[in-house]
Amino acid sequence: MLDGSRRVAADPEVVACPFGDGLALLDLRSGQYFTTNAVGSFVWSRIEKPISVADLRQDVELHYDVAPDQCARDLDSLLLGMVNANLASASDAAGA
């Protein structure tokens, strides 16, 4: 599980535009496209500026009325996928 004090942020080399209920994300470096659903779009809107994982979890829990443990698992999976695809970064709070 991601430490709640870590900060996540969208990569500035990724552009987003509406796509159905979610977003289409284009990594300008690689030319790769990615798509998100409505939850991914919500998360992306929150990480456009650096935010702590704890604050992001709270935002998602409140917006979607989801249990904290389920939110943590699902959000961690989404964020790690974004980081692994170079769409976002995660850093220690001290390094933010």
Side-chain angles (χ1 to χ4, degrees):
M1 187 176 298
L2 288 170
D3 184 317
S5 67
R6 295 202 70 182
R7 298 183 65 77
V8 291
D11 192 293
E13 293 294 319
V14 177
V15 294
C17 66
F19 183 76
D21 290 339
L23 292 174
L25 304 172
L26 171 62
D27 181 343
L28 297 173
R29 294 166 299 224
S30 69
Q32 284 188 294
Y33 281 94
F34 300 84
T35 59
T36 72
N37 60 15
V39 175
S41 177
F42 178 83
V43 169
W44 188 263
S45 74
R46 296 303 191 268
I47 68 170
E48 287 181 314
K49 292 184 180 176
I51 184 172
S52 73
V53 170
D55 287 345
L56 182 56
R57 282 185 189 137
Q58 183 177 20
D59 287 352
V60 172
E61 287 172 24
L62 292 174
H63 189 81
Y64 289 99
D65 192 27
V66 63
D69 58 333
Q70 184 68 48
C71 180
R73 282 192 305 271
D74 293 349
L75 185 58
D76 283 2
S77 177
L78 176 62
L79 292 174
L80 290 171
M82 288 180 165
V83 168
N84 289 336
N86 297 316
L87 301 174
S89 61
S91 60
D92 293 332

* Asked: How far apart are the C-alpha atoms of D59 and I51, what are their side-chain angles, what is the distance that settles it, and do they pass the side-chain contact (heavy atoms from CB on, under 4.5 Å) test?
  -> CA-CA 11 Å; D59 287 352; I51 184 172; 3.7 Å; yes
* Between T35 and L23, is a side-chain contact (heavy atoms from CB on, under 4.5 Å) present by the stated rule, with each step listed? -> CA-CA 6 Å; T35 59; L23 292 174; over 6 Å; no
* **Working for side-chain contact (heavy atoms from CB on, under 4.5 Å), residues N86 and D11** => CA-CA 7 Å; N86 297 316; D11 192 293; 5.6 Å; no
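Here the straight-line distance linking atom CD of Q58 with atom CG of L75 works out to 12.5 Å at 0.5 Å rounding. One distance of note links CZ of R6 with OG of S91; it measures 7.0 Å at 0.5 Å rounding. The structure places CG of L62 at 14.0 Å from CZ of R57, a figure rounded to the nearest 0.5 Å.
Between L87 and W44, the shortest heavy-atom distance links the atoms O-CH2, 3.4 Å. Contact detail for V66 and V60: the closest heavy-atom pair is CG1-O, 4.1 Å. Across all their heavy atoms, A88 and I47 have their closest contact at CB-CD1, 4.0 Å. Considering all non-hydrogen atoms of both residues, E48 and A10 come closest at CA-CB, 4.1 Å. Residue D21 comes nearest to S41 through the heavy atom pair O-CB, 4.4 Å, listed as atom of the first residue, atom of the second, then distance. Taking every heavy atom of both residues into account, V8 and A90 meet most closely at CG1-CB, 4.0 Å.
Ring planes of F42 and H63: parallel class, angle under 30° (limits at 30 and 60°).
The number of heavy atoms from other shown groups lying within 6.0 Å of CG (D3) is above 12. Within 6.0 Å of CG on D65 lie no more than 12 heavy atoms contributed by other residues, nucleotides or ligands. Remark: F34 CZ is packed, more than 12 non-hydrogen atoms of other residues, nucleotides or ligands lying under 6.0 Å away.
Salt bridge status for D92 with R7: absent, with no side-chain N to carboxylate O gap under 4.0 Å. Using a cut-off of 4.0 Å between Lys/Arg side-chain N and Asp/Glu carboxylate O, R46 and D55 are scored as not salt-bridged.
Taking 4.5 Å as the limit, every side-chain heavy atom of V14 sits out of range of all side-chain heavy atoms of L28. Looking only at side-chain heavy atoms (C-beta outward), V43 and L79 come within less than 4.5 Å of each other.
Between the side chains of D74 and S77, no donor-acceptor pair of N or O atoms lies under 3.5 Å.
At a threshold of 4.5 Å between side-chain heavy atoms, the hydrophobic network of Ile, Leu, Val, Met, Phe, Trp and Tyr places V39 and L80 in one connected group. Residues L2 and V83 do not share a hydrophobic cluster, defined by chaining ILVMFWY side chains whose heavy atoms lie under 4.5 Å apart.
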